[in-house]
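Let me begin by presenting the structure, written as structure tokens, before commenting on it.
Fair warning: this is a prediction, and the values are worked out from it, not measured in the lab. Throughout, numbering of the chain's residues begins at 1 and tracks the sequence.
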Amino acid sequence: MNRYLATRLAALVPTLLLVSVLAFALTQLAGGDPAREAVEQSGGGIATSELIAELRSRWGLNDAPPVRYARWLGSALRGDLGESYLTKRPVARELLSAFPATVLLAAAALGIAAALGIPLGVLAALRRDTWVDHACRVLAVAAAAVPGFWLGLLLIVLFAEVLGWLPAGGFGLDAHLAMPALALGAVSGASVARLVRSSLLDILELEFVRSAYARGLGPWRVTWRHALPNALAPAVTFLGLRFGDLLGGAVVIETIFAWPGVGRVVLTAVSGRDLPVIAGFVLIAGVIFVVVNLAVDVIYVALDPRVRLG
């Protein structure tokens, strides 16, 4: 395991370097003049040529792209992602103040996905080709086909407006988290259920499962103790990848539920062409995505002895 971790950690260096190149390159693909647009959108007066030249000089926009990238990467390694063009605040402070809310929402959504998808997948596999299996599969397909924003609006109407059980929006670790996490986690839960069912059906046909039955073990013990840990690997991989997607793709749900996450910060930055914020977000999200994938690989090895032995 130590050798495996050392190899994976060594592979992170070129991966993170590539992420930094992509993050910087995305800001260079946008046309227009960030200095002029920053003056116009901030209400700082007429965008005179003198003011624009001063801003371009202050932000280093007159330098060649390789020089700017080297300077930006060096500052990023020290934790300095630059200054926002619009708010004039440090980019790292803006993003890191909003990221915890998004990470909390993504983690809660994945928890709901696992809590819903794994039991449904196991139940469908153990009741294969029965009405229970068909019902679970229909439910999973229906949940996967529902857009997250539509489900979010439906939840607001039902639980906030009609029943009055939950708040329609806002931030909190209590009832405020329930509806946005469910709106994000339901679709992922459907995919988890289908993955677990398919994988578990394959595992149940293997020799070691038949040997467990031959020793007199009951079906539920064989499933949960022996078969399920081996069948969870595809679902764990999916949830790890899904966590990275949710960090950048929860902006619609955050907007619907007035959740103060990083999605709203990035949306404002994109509309205002705030390039340092956009580059900083891509870099931080990429780092989190890579670290989560490493954690998924480690969990995969821990779950499946065949991978560990290999």
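- At distances below 3.5 Å, not a single donor-acceptor pair connects side-chain atoms of Trp259 with backbone N or O atoms of Ile253.
- Leu239 and Ala114 make their closest contact through CD1-CB, 4.2 Å (heavy atoms, listed as atom of the first residue, atom of the second, distance).
- For Arg194, the CZ atom is loosely surrounded, since the number of other residues' heavy atoms within 6.0 Å does not exceed 12.
- Proximity of Glu94 to Ser84: side-chain heavy atoms (C-beta onward) are separated by under 4.5 Å at one or more points.
- The closest donor-acceptor contact from the side chain of Thr102 to the backbone of Val262 lies under 3.5 Å.
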*Intermediate values then yes/no, side-chain contact (heavy atoms from CB on, under 4.5 Å), Leu184 and Leu151*: CA-CA 9 Å; Leu184 278 177; Leu151 179 59; over 6 Å; no

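- Atom CZ of Arg89 is surrounded by more than 12 heavy atoms from other residues, nucleotides or ligands within 6.0 Å.
- Nearest approach of Met179 to Phe257, heavy atoms of both residues: CB-CE2, 3.5 Å.
- Of all the heavy atoms in Val277 and Leu95, the pair that sits closest is O-CD1, 3.9 Å.
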*Give the C-alpha distance, both sets of side-chain angles, the deciding distance and a yes or no for side-chain contact (heavy atoms from CB on, under 4.5 Å) between Leu104 and Phe99.*
CA-CA 8 Å; Leu104 173 64; Phe99 249 110; over 6 Å; no

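- Take Ser198 and apply the side-chain hydrogen bond (donor to acceptor under 3.5 Å, both in side chains) test, not counting sequence neighbours, and it matches no residue.
- A donor-acceptor distance shorter than 3.5 angstrom exists from the side chain of Arg78 to the backbone of Gly74, with no hydrogens or angles considered.
- One N or O on the side chain of Ser75 and one on the backbone of Arg71 form a donor-acceptor pair closer than 3.5 Å.
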